[in-house]
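Reckoned from all heavy atoms, side chains included, excluding hydrogens, waters and symmetry mates. This structure is a prediction, so every number in the text was calculated from the model and none was measured. A, B, ... follow the sequence lines: proteins, then strands. Residue 1 opens every chain.
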Protein chains: 2
Amino acid sequence: MTTSEGIEKVLREASMRVTRPRVAVLAAVTAHPHADTETIIEAVRQEHPLVSHQAVYDSLKLLTNLGLLRQIQPHGHIARYETRVGDNHHHVVCRNCGTLADVDCAVGAAPCLHASDHHGFSIDEAEVIYWGLCPDCQQAKTAQPATGTV
Amino acid sequence: MTTSEGIEKVLREASMRVTRPRVAVLAAVTAHPHADTETIIEAVRQEHPLVSHQAVYDSLKLLTNLGLLRQIQPHGHIARYETRVGDNHHHVVCRNCGTLADVDCAVGAAPCLHASDHHGFSIDEAEVIYWGLCPDCQQAKTAQPATGTV
DNA sequence: GTAATTATCTTGACTCATTCAAAATAAATA
DNA sequence: TATTTATTTTGAATGAGTCAAGATAATTAC
């Protein structure tokens, strides 16, 4: 799905050109799951130093629209991307350090889609973000009790 | 809870001063559920024209930290606020026009807190956003089939 | 009630992820 | 290989939100 042949096929089927930035961006996100845009730009430039940030932004948006990438953007954080799409999984975000991890859906396939009263909206996606503390930050909090750096 | 006496009590218990901007901001959000910051600033200035935008930002942040307000910020949208807090309800957002509505939790009290595998994170909140189309935009889409303005 | 203290507000500049736009480039087609 | 035009480069612009210094007003002490 996210192999270099895979992206070619998807792009051509969407009548989009297969360009170096696009292929490199998909490869970068595959290599760096949950990476932010800055990290992706750096990763792309390891291989292709002349790619502009604009091309990365454009590619990220295009690949997201084509369903090859998924964008995650918790409150107060910049956008991040991942290649794991279409399996209804969610994310945990650490309130302290911003670390992000995947979480499979609690109840099964796509349970949260069944809102009790949806006011006539036609719902196509339930996005779930769990907030808490990652293991490291839990330790740090208990280790330095009072005067913790916030 | 969100009455003018209520906010006084909460502020004093938190050793915070009861100021005009703070009371006005809470009143504005109460009067305009799901309002964005700009709307809140305008509403506050109806009564108190000299209040600065900075004071509104500060008040919103403080009231949110004190648990009197809740911030909602779906991807690609600016922050919005509501006074309905602590009852574990969620939101539907229209992909087309950005309209936002409340949705009660599907399965009961706080079901989504039970992530299947939480990687050692200690989870304290499950934030759920449903994405779809509001009734108006559904009509608009079916009415103007092909050349719809996106 | 008045004065002193200091949290809060005003003002205005600043940040920074993201977007816009014009000219240059390169992927696809003939 | 030449042509067409989607993409990319470059560099400026946007805008929600933040920062910081001095002014103001909510509270406390008298």
**Message:** Applying side-chain hydrogen bond (donor to acceptor under 3.5 Å, both in side chains) to B:Glu127 and A:His75, what does each step give before you reach the verdict?
**Reply:** CA-CA 11 Å; B:Glu127 177 189 5; A:His75 298 185; 2.8 Å; yes

**Message:** Measuring only between side-chain heavy atoms, which start at C-beta, is A:Thr19 closer than 4.5 Å to A:Val23?
**Reply:** no

**Message:** Please pick, from D:dT10, C:dC9, D:dT8, the nucleotide with the shortest atom-to-atom distance to any side-chain atom of A:Asp58.
**Reply:** D:dT8

**Request:** Could you state the atom-to-atom distance from CG of B:Leu60 to P of D:dA16 in whole Å?
**Result:** 14 Å

**Complete:** Quick note, A:Tyr57 side chain, CB onward, closest among D:dG17, C:dA17, C:dC9 is C:dA17

**Prompt:** Parallel under 30°, tilted from 30 to 60°, perpendicular over 60°: which one fits the rings of B:His34 and B:His91?
**Reply:** perpendicular

**Request:** Starting at atom CG of A:Leu11, determine the distance to atom C1' of D:dT8, rounded to an integer number of angstrom.
**Result:** 15 Å

**Asked** B:Thr37 side chain N/O closer than 4.0 Å to the phosphate oxygens (OP1, OP2) of D:dA16?
**Response** no

**Fill in**
Looking only at D:dT9, C:dT18, C:dT10, the nucleotide nearest the A:Ser52 side chain is D:dT9

**Prompt:** Hey, are B:His89 and B:Glu82 close enough side-chain-wise for a donor-acceptor pair under 3.5 Å?
**Reply:** yes

**Asked** When you check the phosphate oxygens OP1 and OP2 of C:dT19, does a side-chain N or O of A:Lys61 lie under 4.0 Å from one of them?
**Response** yes

**Message:** Expressed as a whole number of angstroms, how long is the span from A:His48:NE2 to D:dT7:P?
**Reply:** 18 Å

**Asked** Expressed in angstrom and rounded to an integer, what is the separation of A:Ile78 atom CD1 from D:dG17 atom C1'?
**Response** 15 Å

**Message:** For a 4.5 angstrom cut-off between non-hydrogen side-chain atoms, does B:Asp102 reach B:His90?
**Reply:** no

**Request:** In whole angstrom, give the distance that lies between atom NE2 of B:His77 and atom C1' of D:dG17.
**Result:** 18 Å

**Any side-chain heavy-atom pair of A:Ile40 and A:Leu60 under 4.5 Å** = yes

**Fill in**
Against the side chain of A:Ala55, the closest entry in D:dT8, D:dG11, D:dG17 is D:dT8

**Request:** Could you state the atom-to-atom distance from CG of A:Leu50 to C1' of D:dT9 in whole Å?
**Result:** 10 Å

**Message:** Rounded to whole Å, how long is the line connecting atom CD of A:Gln54 with atom P of C:dC20?
**Reply:** 9 Å

**Asked** Whole Å only: how far is the NE2 atom of B:His75 from the C1' atom of C:dT19?
**Response** 19 Å

List, with names and distances, any nitrogen or oxygen atoms from the protein found under 3.5 Å away from nitrogen or oxygen atoms belonging to nucleotides 24-28 of chain C.
from, atom 1, to, atom 2, distance (Å)
C:dA27, N3, A:Arg17, NH1, 3.4
C:dA28, OP1, A:Arg12, NH1, 3.0
C:dA28, OP1, A:Val18, N, 3.0

**Message:** Show the nearest heavy-atom pair for residues A:Gly98 and A:Arg80, with the distance to one decimal.
**Reply:** O-NH2, 2.8 Å

